Amino acid sequence: MRLRYLMFSRRYASTVLETNLSKLGTKWRSKTLRGVPVACRDDSNQSIYILSMFPYPSGMLHIGHLRVYTISDALNRFYQLQGCRVLHPMGWDAFGLPAENAAIERGMDPAVWTKHNIYKMKEQMNQMLANFDWDREITTSNPDYYKFTQKIFLELYKHGLAYRKKEEINWDPVDQTVLANEQVDAEGRSWRSGAKVEKKLLNQWFLGITRFAESLQYDLDALRGWPENVKTMQKNWINVSHGTEVIFPSTINEDITVFTTRADTLFSVQYIALAINHPVVRKLAESDERLREFISYADSLPRGNKAGYLLKNLSVASPVLDVKQFDIPVFVAPYVLGSYGYGAVMGCPAHDERDFAFWQSNMPGSPVKYTIQPTTTEITLPYTEDNGTLNSSSGRFVGLSTEQARHQIISHLEERKLGMKTTSYRLKDWLISRQRYWGAPIPIVHCDSCGEVPVSEDNLPVMLPTVERIASKGNSLSSMQDFVNTTCPSCGSPAKRETDTMDTFMDSSWYFFRYLDPHNSKAPFSYEKASKHMPVDMYIGGVEHSILHLLYSRFISKFMTSIGMWDGSKVLGEPIKKLVTQGMVHGKTYVNPQNGRFLKTEDLDLTQMDKPIIRKTGEVPSISFEKMSKSKYNGADPASCISKWGPDATRAHILFQAPISDVLRWDESKIVGIERWLNRVIKLSHSLATTDITPIKSVNVETMNDSEVKFHKEVQVLLRSITKAFKETLSLNTVISDYMKLTNVMEHAFKDNKIGNEFVLSSFQKFVTVIYPVVPSISEEAGEILKSKETYTWSQYRWPTIEDIKESSNVSYQVVINGKKRCVYYSTKDFINDKESVIRTLQSLPECQKFWDGKKLKNVIIKKNIISFVLT
């Protein structure tokens, strides 16, 4: 048998070395793109909804796309092999500024640009063998989709959750549009253009997401399939706080209201701080030039700084003192957020670290007034613990604990009508107005007689007018008179259409419902289909969407539950059961150590990949892995990688390099290890196909010899590990390593005369099935090779059942001589009970004799299954 194998190995060596993995991907593309053959699926089995976040059609997939789609497709194929009816759709998040800006630059219709990009990206998805259900494809910029985005808006409007009001908003001066608070970063810059955001007072459309704030926050605890870091980010953004609304009378007859969770510290208030856009500040700035200068200066400062401007003609009185004394100063401070609470905070330097730092910076040397005394220790300021007792500076509340004082002070404020219990949110209502053409039109008509009038559902969609090109950024719809001028749906008088379009996060907030019923022309989706298949069982995408997309999606889903569009009552209206957030992909980055400049590939001699050299200087560059970008010349072209190595090797390499949630350090040079492994798989399939083996339908562990039992156990342990990784842990990187271990086990077994080749073939057939989710065309090729003989037919598309593992009656003993393992000896469990017999038996083994000759036994140590000899 061994001679036959060696002869075969030489015969096929050249064939294996010449195996072109890229050509195999092409050969099997049409079949693998269809997934597990329909005839092999059991549609009566359970259904599972696996979804990857749909992309914006930029025209080019990057490695990050490849990673998320490889993960989702591997899981999709695994569950198909398990007999599940898998929903695995794909579509396009097609509206938005990038398409509009690209169309402006190119002087073309964004619809044409978008359609062209979708075609290119679809082909790229096919190149990577992604098995998507294209019958469910959606494009958010198609009228048959945004018709229902508009309908959902009208439902929100009907239920009082869509409204228009004049408010100070974030304005992007580069993209000429409004931004929601969530789209402005910590430095006050636009999330997309990077421009410093300006403030403007405009009439805008909002959605009442704060009506769902408490359920959005507290229902996160029920989402056990979500990563804790994502839930924490959402909780911190929503930030539901139960506390007290406190009114401070002022010297300008305009009360200042603050929110606090520590009413017990009111006797320690030493200042009030207002946001730079607080209405009182705006009013005072009209007559205070220095204040205007400070506002201009403060607007450029990073948030959290200690700058402050003391308002000379404004002070407030404490609401808890019986005698009204206007002796509390008021500052304008950039650390106070106008978008949070009332845009005003009370400052208690003695009991808040930030307030303490601000007071020290702006009132240096001024005393700090503390009113809460620790019960067991001397006070060290600032004392921020929520325990202790109120001291003699606290009037009638002296001696009370902080909790007792809080309740009694709130009652005191309510009696005086200077405060009340309330709930505050960091979350603000969702501003959806966007001043651009390429978005879903808001279905509202403005009539001089009737005011705001919703477009009737029969007249949806409100279509975007067709354009040949967009001339400039900003609200181009407002200048398209054929679109703007209309008649009032209520009275028939001349009227004007709303010219703002919706935030694209509105489009993506409900798309997973539409996948379930994509051809429904009467409703966004049917109640029955949504109630049957929602929530999404597994949703895969980047952690960067933790707040915006996922929060808005949860809101719309809960709203649609509340009005009976689907039965989400059992899942609290939550749209996603399990969330999988993959890490970013970082590229290998080369830097010139002399000047810190990033180097292009052509600047380097990469003949020896492990020792690159800068061509001009002969120096070794600094190497790191950083987020891929054009400026760092560290991007990778997925099409090039697939063309060179094949889709299967590329998919396996992506999964093998890092756990799903970790950053993937993309190093294409390491893919050669994957290539060698896949070639070994093809080689072994040829070996088994050309060897005279009678396949067995089932394995009888009772008739196995010890070597076969050991082999069977190794195979079953690895199959169990692979199954668990797909089904439970999602540790897909270990799946690849287990594939490689299985290959090693079967190769060694095929060479070993102690194991019947029928056992190897039986295990290899299972192996061909379990590699299918990751390397489908390699699985198909190996299956075709095995099926070249009619007797080798088996159910290739059924995930194997994990069989019982029989323990051998013998034990494998590791024989160690002078600290080095020399061989393995199989014997009974009681073999080690007779030490003299152990020494005689092992000393006589051929593989041990050469280490024993001429030496004396000094000691023998037997510990479990390790027998160690010390020779001198």
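Everything numeric in this text was worked out from a predicted model, so none of it was measured.
In this structure, a donor-acceptor pair under 3.5 Å is present between the side chains of T499 and N475. Between the side chains of H242 and T423, at least one donor-acceptor pair of N or O atoms lies under 3.5 Å. Checking E498 against W205 by side-chain atom types alone, a donor-acceptor pair falls below 3.5 Å. No side-chain N or O of Q217 forms a donor-acceptor pair with one of Y425 less than 3.5 Å apart. Side-chain contact, S553 with W510: no donor N or O sits under 3.5 Å from an acceptor N or O.
At a threshold of 4.5 Å between non-hydrogen side-chain atoms, the residues H446 and E452 count as touching. Using a 4.5 Å cut-off on side-chain heavy atoms (C-beta onward), L314 and I256 make contact. Proximity of R436 to T504: side-chain heavy atoms (C-beta onward) are separated by under 4.5 Å at one or more points. Under the 4.5 Å side-chain criterion, counting only non-hydrogen atoms from C-beta, V330 is in contact with L274. Between P443 and M502, the closest side-chain pair of non-hydrogen atoms falls below 4.5 Å. Looking at Y49 and M534, their side chains come closer than 4.5 Å, going by heavy atoms from C-beta outward. Using a 4.5 Å heavy-atom threshold, the side chains of F512 and P535 count as separate. Counting heavy atoms from C-beta outward, W226 and T581 have side chains that stay 4.5 Å or more apart.
When all heavy atoms of S509 and Y552 are compared, the closest pair comes out as CB-O, 4.0 Å. The minimum heavy-atom distance linking L266 with P319 is given by the pair CD2-CG, 4.5 Å. In this structure, P334 and A298 approach most closely via the heavy-atom pair CG-CB, 3.7 Å. Minimum heavy-atom separation, L572 to A222: CD1-CB, 3.8 Å. Closest approach of P461 to Y146, counting heavy atoms only: CB-CE1, 4.0 Å. Contact record, R262 with I372: NH2-CD1, 3.4 Å, taken as the closest heavy-atom pair.
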inquiry  = Does L431 form a side chain to side chain contact (heavy atoms under 4.5 Å, CB included) with R434? I'd like the steps, not just the answer.
reply    = CA-CA 9 Å; L431 193 164; R434 296 296 179 269; 3.5 Å; yes

task = Give the intermediate values and the outcome of side chain to side chain contact (heavy atoms under 4.5 Å, CB included) for residues D93 and H549.
result = CA-CA 12 Å; D93 191 10; H549 165 57; over 6 Å; no

inquiry  = The test is side chain to side chain contact (heavy atoms under 4.5 Å, CB included); show your working for L154 and K158 and say whether it passes.
reply    = CA-CA 6 Å; L154 291 178; K158 183 168 70 176; over 6 Å; no

message = Under the criterion side chain to side chain contact (heavy atoms under 4.5 Å, CB included), I'd like the reasoning laid out for Q204 against Q435: C-alpha separation, chi angles, the key distance, then a yes or no.
response = CA-CA 10 Å; Q204 299 291 282; Q435 291 67 42; 3.2 Å; yes

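K231 has a carboxylate O that lies under 4.0 Å from a charged side-chain N of E228, or vice versa, which qualifies the two as a salt bridge. Between D219 and K558 there is a salt bridge, with a side-chain nitrogen of the basic residue lying less than 4.0 Å from a carboxylate oxygen of the acidic one. Salt bridge present: D221 and K235 bring a charged side-chain N and a carboxylate O closer than 4.0 Å. A salt bridge does not link K165 to D429: none of the charged side-chain nitrogens sits closer than 4.0 Å to a carboxylate oxygen.
Within the 3.5 Å criterion, the main-chain N or O of R497 finds no donor-acceptor partner in the side chain of T486. A donor-acceptor pair is defined here as one N or O able to donate and one able to accept, closer than 3.5 Å; such a pair exists between the side chain of N520 and the backbone of A523. Without hydrogens or angle criteria, Y145 side chain to R514 main chain gives no donor-acceptor distance under 3.5 Å. Between the E254 side chain and the V280 main chain, no donor and acceptor come within less than 3.5 Å of each other. S296 places no side-chain N or O within donor-acceptor distance of the main-chain N or O of R292, the cut-off being under 3.5 Å. Judged purely by atom type and a 3.5 angstrom limit, S557 uses its side chain to pair as donor or acceptor with the backbone of G573. Put simply, the side chain of T251 gets close to the backbone of S315: a donor and an acceptor are under 3.5 Å apart. Between the Y309 side chain and the I276 main chain, no donor and acceptor come within less than 3.5 Å of each other. A donor-acceptor distance shorter than 3.5 angstrom exists from the side chain of H159 to the backbone of E155, with no hydrogens or angles considered. Without hydrogens or angle criteria, E100 side chain to Y437 main chain gives a donor-acceptor distance under 3.5 Å.
Going from atom CZ of F54 over to atom CG of D507 covers 7.0 Å, rounded to the nearest 0.5 Å. From F483, atom CZ reaches atom CG of L477 across 5.0 Å, with rounding to the nearest 0.5 Å. M538 contributes atom CE, which lies 11.0 Å from atom CG of L579 (distance to the nearest 0.5 angstrom). One distance of note links OG of S508 with CZ of F95; it measures 12.5 Å at 0.5 Å rounding. Interatomic distance, N277 CG to L337 CG, rounded to the nearest 0.5 Å: 9.0 Å. Note that CG of L220 is 5.5 Å distant from CD of Q234, once rounded to the nearest 0.5 Å.
For the side chain to side chain donor-acceptor pair (under 3.5 Å) test with S433, the passing option among D500, N203, T501, D503 is D500; the others fail. The ring-ring contact (aromatic ring centres under 6.0 Å, His included) test with F513 is passed by exactly one of F559, F525, F148, Y527: F525.
In terms of the side chain to side chain donor-acceptor pair (under 3.5 Å) criterion, residue partners of Y511 (sequence neighbours excluded) are, by chain and number, Y539. When the side chain to side chain donor-acceptor pair (under 3.5 Å) test is applied to D144, no partner is found at least two apart in sequence or on another chain. For W92, there are no ring pair (Phe, Tyr, Trp, His ring centres under 6.0 Å) partners two or more places apart in sequence or in a different chain.
Summarising the local packing, CD of E414 is surrounded by more than 12 heavy atoms from other residues, nucleotides or ligands at distances under 6.0 Å. At most 12 heavy atoms of other shown residues, nucleotides or ligands fall within 6.0 angstrom of atom OH in Y297. In D448, the CG atom is not crowded: 12 or fewer heavy atoms of neighbouring residues, nucleotides or ligands sit closer than 6.0 Å. The number of heavy atoms from other shown groups lying within 6.0 Å of CD (E403) does not exceed 12. Other residues, nucleotides and ligands contribute at most 12 non-hydrogen atoms within 6.0 Å of the NZ atom of K417. Counting heavy-atom neighbours within 6.0 Å of K147 NZ, excluding the residue itself, gives a total above 12.
Classified by interplanar angle (parallel below 30°, tilted 30° to 60°, perpendicular above 60°), the ring pair W359/F331 is perpendicular. Ring geometry for W430 versus F555: interplanar angle over 60°, hence perpendicular rather than tilted (30 to 60°).
For Y271 and F358, the ring centers are positioned less than 6.0 Å apart.
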